[in-house]
Amino acid sequence: MLLMLCSSAIFAQNKTPNSGSLELKVIDSISKKPIEFAVITIQSKNIKKSKYSDKNGNVIFDSICVDNYSVEVKFTGYQKHIVKDISVFTNKTTIKTIALGYGKNLQEIVICDKAILIDKDEPTQNSFRKIQNNPTQNLNAIASYSRGIDSRNGNSVNIRGSRSDNTAYYIDGVRVSSTNETNNEQYQKVAENSFKITAQEPLSTFSIDVDKASYANIRRYLNNNSLPPKDAVRVEEMINYFNYDIALEKSIHPFVLKTEMANSPWDVNKKLVHITLKAPEINLSEAPQNNLTFLIDVSGSMNSNDKLPLLIESMKLLIEKMRPEDKISIVVYAGAAGLVLSPTSGKDKAKIYSALDKLEAGGSTAGGQGIELAYKIAKENFISNGNNRIILATDGDFNVGIYNINDLTKLIEQKRETGIYLSVLGFGTGNINDVTMETLADKGNGNYNYIDGILEGKKVLVSELGGTLYTVAKDVKIQIEFNPKYVKLYKLIGYENRMLATEDFNNDKKDAGELGAGHCVTAIYEIITNASATSSIDSLKYQQTSLTTLANGDEMMNLKVRYKKLNDTNSIKFEMLVKYNAQPFELASNEMKFAVSVALFGMKLRTSESVNKVTYNEIIKIGKAAKGNDDNGYRSEFIKLVETAQLLAKKDSE
């Protein structure tokens with residue numbers, strides 16, 4: 001009688017006093033991602049039912065008899081999982097999560113025949129429309145939408161249950177790849193600066209650059225036994241990765257400015273001008289209050305040890321240094337954006353750690369919604385005269401959602417005028433959208449760093465925290481007027497995407513780089529003097545250039561700097577006259593010589609024609625001789641990286 005009552009109730013979908021519900025969720029035991037289309041079978045003494053899990057891994061057995069059930073879960077590539085004695089109670093829902101582990105290796109799958117098994121208009125829940133709208137359009141990402149295929153490290157795909165090195169891909173019966181991962185990293189094409197003729201273009205204007213991402217990214221490539229792509233190398237970011245020992249005399253400006261000149265070690269016909277701009281360190285105990293909003297990418301591509309887990313451990317190092325008056329919020333984004341930690345005092349570290357430890361990666365990427373929410377939270381908790389900053393942490397597989405990239409940068413430009421700045425931390429391999437991350441940080445009055453390991457996380461978020469968080473001067477621009485009496489030709493090494501038009505220097509509406517506490521900005525010019533120049537350019541027919549009285553003196557160049565104080569809209573300008581005083585390179589300071597060795601290495605990696613005759617051994621020799629004080633070991637590490645590149649270049653040439 002009881003059996004008939006339950007069966008009738010199930011058929012009519014009406015709950016009775018003798019029925020309840022069973023709600024199950026099926027996930028991958030390693031990635032914790034939901035598994036869609038797993039087959040779930042429940043069985044008791046009286047009934048047996050089967051259903052498929054939905055796209056969230058969920059399945060509900062509603063209005064089933066009160067009883068004890070065994071549950072069997074199966075999915076291709078996973079071990080069959082059976083759970084016994086799950087009880088269903090009257091008018092209650094029993095909820096349980098079942099994690100599937102990988103089964104036996106599937107070596108190769110070869111399709112011998114084909115048949116149409118799907119509806120052409122709406123084949124599956126992962127329809128053509130959904131794939132078309134998916135933010136990531138690379139082959140592996142789209143392939144991973146297929147049933148039984150996993151993309152566990154954000155790059156390569158493998159058949160669930162198989163080893164990644166045993167996955168083969170066939171197109172029209174031809175094996176096209178096996179173990180190689182697809183690299184979808186995006187870098188802006190860089191056209192190296194060329195020599196300018198002083199008589200025709202005496203002014204050189206550029207924005208400072210305090211980003212350091214390029215150096216850490218290059219290190220990641222070299223440590224993985226690979227030379228970096230040419231356009232991943234931004235020479236100025238390599239030079240500025242290092243701190244330089246510059247005497248900080250008292251100044252009415254928030255930084256000091258130094259210049260030095262020496263003969264070029266790689267070309268007897270050239271001289272080098274070394275310019276350094278350095279801000280003093282800040283006492284963190286007396287620094288302005290922090291209102292930090294971390295915007296964290298928790299999409300599926302972040303599911304790798306060098307991404308979300310590394311980010312979490314790096315953030316914990318920062319949290320250790322937070323003061324009670326500092327506040328931190330955490331916004332995450334994947335398929336949608338959400339607030340996982342409301343503004344919390346730095347004294348409540350346990351609460352912050354707990355929020356971090358609960359973060360998991362999964363889903364697609366919709367960064368535009370996340371940025372909107374992050375700005376909303378930052379604005380609601382704005383601290384007057386404080387440091388109000390959003391820190392975007394991502395692997396760069398970044399979809400802006402409702403925005404295109406131009407609209408998003410306009411939004412960030414508008415928000416920076418409210419005093420809320422945006423910085424970017426990049427993580428991982430395979431998906432790095434270096435172009436977008438650098439652009440967002442640039443437009444957000446922030447800085448862009450790449451974290452390739454926990455030591456770099458400590459460097460950025462602890463050792464150099466002042467430079468990362470506290471801006472001391474904004475919209476910093478440099479303009480140099482060269483004297484044609486001494487300088488026939490000149491070229492700025494690096495800064496290709498920071499060059500400004502001549503008129504931008506005096507335009508206070510033109511954005512430029514921000515200088516943080518303790519930051520050191522270095523620029524190096526190659527110059528060819530009149531004494532050594534041989535011109536291949538004909539003399540002008542219709543005009544002549546005559547020198548002023550000042551040009552006939554000993555001034556080689558006039559160095560001008562513009563910057564704004566943190567809360568000002570009008571800039572301050574000051575000038576420095578630099579005399580011609582070239583010394584042998586051997587007599588240059590260690591700081592100049594080491595900066596030159598780094599510049600040489602960057603140009604070598606970029607295969608610059610200027611240094612095609614320079615050997616790696618010569619770069620190593622200069623670097624070793626100028627290593628000087630190296631408490632943190634960064635300069636010693638640099639020399640090892642040059643040695644690594646030398647070996648890799650030799651291997652590639654064989």
Side-chain angles (χ1 to χ4, degrees), residues 206-213 236-237 240 243 248 251-257 277-295 318 321-323 325-328 374-375 378-379 381-392 412-425 437-449 459-478 498 508-522 561-574:
F206 64 98
S207 161
I208 68 163
D209 184 6
V210 296
D211 294 344
K212 303 178 181 181
E236 72 278 5
E237 292 186 24
N240 291 332
N243 193 25
L248 294 171
S251 173
I252 61 173
H253 306 291
F255 48 80
V256 297
L257 187 63
L277 187 152
K278 185 171 183 176
E281 300 282 352
I282 191 171
N283 186 339
L284 294 178
S285 64
E286 300 174 358
Q289 287 179 258
N290 288 304
N291 168 31
L292 303 180
T293 304
F294 272 86
L295 175 56
L318 167 64
K321 301 296 181 181
M322 289 185 64
R323 305 162 300 181
E325 61 266 33
D326 297 327
K327 292 188 295 185
I328 183 172
Y375 275 116
K379 182 179 178 181
N381 297 277
F382 189 87
I383 300 174
S384 297
N385 298 318
N387 174 39
N388 300 278
R389 187 177 297 265
I390 294 169
I391 301 177
L392 167 62
I412 292 171
E413 287 174 332
Q414 292 170 0
K415 295 297 184 181
R416 77 185 181 207
E417 300 303 322
T418 67
I420 300 172
Y421 294 172
L422 181 141
S423 293
V424 179
L425 300 178
M437 292 193 287
E438 185 188 22
T439 300
L440 296 183
D442 181 27
K443 300 301 181 183
N445 276 8
N447 40 63
Y448 168 37
N449 289 280
K459 181 177 186 286
V460 173
L461 296 176
V462 179
S463 305
E464 299 178 358
L465 183 61
T468 303
L469 296 185
Y470 298 103
T471 301
V472 297
K474 63 181 183 179
D475 291 338
V476 184
K477 310 169 190 174
I478 295 176
R498 301 284 176 162
D508 282 351
K509 293 183 179 180
K510 183 65 178 180
D511 182 51
E514 278 60 50
L515 185 70
H519 268 156
C520 194
V521 176
T522 296
V561 178
R562 273 195 183 275
Y563 70 94
K564 297 173 188 171
K565 292 183 178 179
L566 200 55
N567 297 315
D568 290 351
T569 56
N570 295 322
S571 65
I572 298 169
K573 182 181 82 168
F574 71 95

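Fair warning: this is a prediction, and the values are worked out from it, not measured in the lab.
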What distance do [X] atom [atom1] and [Y] atom [atom2] have between them, rounded to the nearest 0.5 Å?
X      : Y      : atom1 : atom2 : answer
Thr522 : Ile208 : OG1   : CD1   : 11.0 Å
Gln289 : Ser384 : CD    : OG    : 10.0 Å
Ile391 : Leu461 : CD1   : CG    : 6.5 Å
Ser207 : Glu236 : OG    : CD    : 10.0 Å
Lys474 : Asp511 : NZ    : CG    : 9.5 Å
His519 : Glu514 : NE2   : CD    : 11.0 Å

Below 4.5 Å, heavy atoms only, C-beta onward: do [X] and [Y] meet side chain to side chain?
X      : Y      : answer
Leu318 : Phe294 : yes
Val210 : Val521 : yes
Ile572 : Pro254 : no
Glu464 : Asn243 : no
Leu422 : Lys443 : no
Asp508 : Lys564 : yes
Asp442 : Arg498 : yes
Glu413 : Arg416 : yes

Considering non-hydrogen atoms only, spot the tightest contact between [X] and [Y] and give its length.
X      : Y      : result
Asn290 : Arg323 : ND2-NH2, 4.0 Å
Ile282 : Ala287 : CD1-CB, 3.9 Å
Ala279 : Leu515 : CB-CD2, 3.7 Å
Thr468 : Ser423 : O-OG, 4.2 Å
Lys327 : Ile383 : CE-CD1, 4.1 Å
Tyr470 : Arg389 : N-NH2, 4.4 Å

Task: Atom CG of Asn283 with >12 non-hydrogen neighbours under 6.0 angstrom - done: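 Counting neighbours around CG of Asn283, more than 12 heavy atoms of other residues, nucleotides or ligands fall under 6.0 Å, so yes.
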Task: Over 12 foreign heavy atoms within 6.0 Å of NZ, Lys510 - done: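 No, because the 6.0 Å sphere around NZ of Lys510 holds 12 heavy atoms or fewer from other groups.
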TODO: Mind running side-chain contact (heavy atoms from CB on, under 4.5 Å) on Asn385 and Asn567 for me, showing each step along the way?
DONE: CA-CA 9 Å; Asn385 298 318; Asn567 297 315; 4.0 Å; yes
- [ ] Go through the steps for Leu257 and Phe574 under the test side-chain contact (heavy atoms from CB on, under 4.5 Å), then give the verdict.
- [x] CA-CA 10 Å; Leu257 187 63; Phe574 71 95; 3.9 Å; yes
Open item on the list: Using a 3.5 Å distance criterion without hydrogens, assess whether the side chain of Asp209 forms a donor-acceptor pair with backbone atoms of Asp211.
Closed with: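 Flag set: sc Asp209 to bb Asp211 pair under 3.5 Å.
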Hey, which of [options] is the one that makes side-chain contact (heavy atoms from CB on, under 4.5 Å) with [X]?
X      : options                        : result
Tyr448 : Thr439, Leu425, Val424         : Val424
Leu292 : Asn381, Asp326, Leu469         : Leu469
Ile420 : Ile412, Thr293, Asn387, Asn388 : Asn388

Task: Residue pair Lys459, Asn449: steps toward the side-chain contact (heavy atoms from CB on, under 4.5 Å) verdict - done: CA-CA 10 Å; Lys459 181 177 186 286; Asn449 289 280; over 6 Å; no
Task: Those residues that, when tested against Leu566, pass side-chain contact (heavy atoms from CB on, under 4.5 Å) (two or more places apart) - done: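 Residues passing side-chain contact (heavy atoms from CB on, under 4.5 Å) with Leu566: Tyr421, Thr471.
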Open item on the list: Please evaluate residues Phe255 and Val561 with respect to the criterion side-chain contact (heavy atoms from CB on, under 4.5 Å), reporting the C-alpha separation (whole Å), side-chain torsions for both, the decisive distance (0.1 Å), and the verdict.
Closed with: CA-CA 11 Å; Phe255 48 80; Val561 178; 3.9 Å; yes
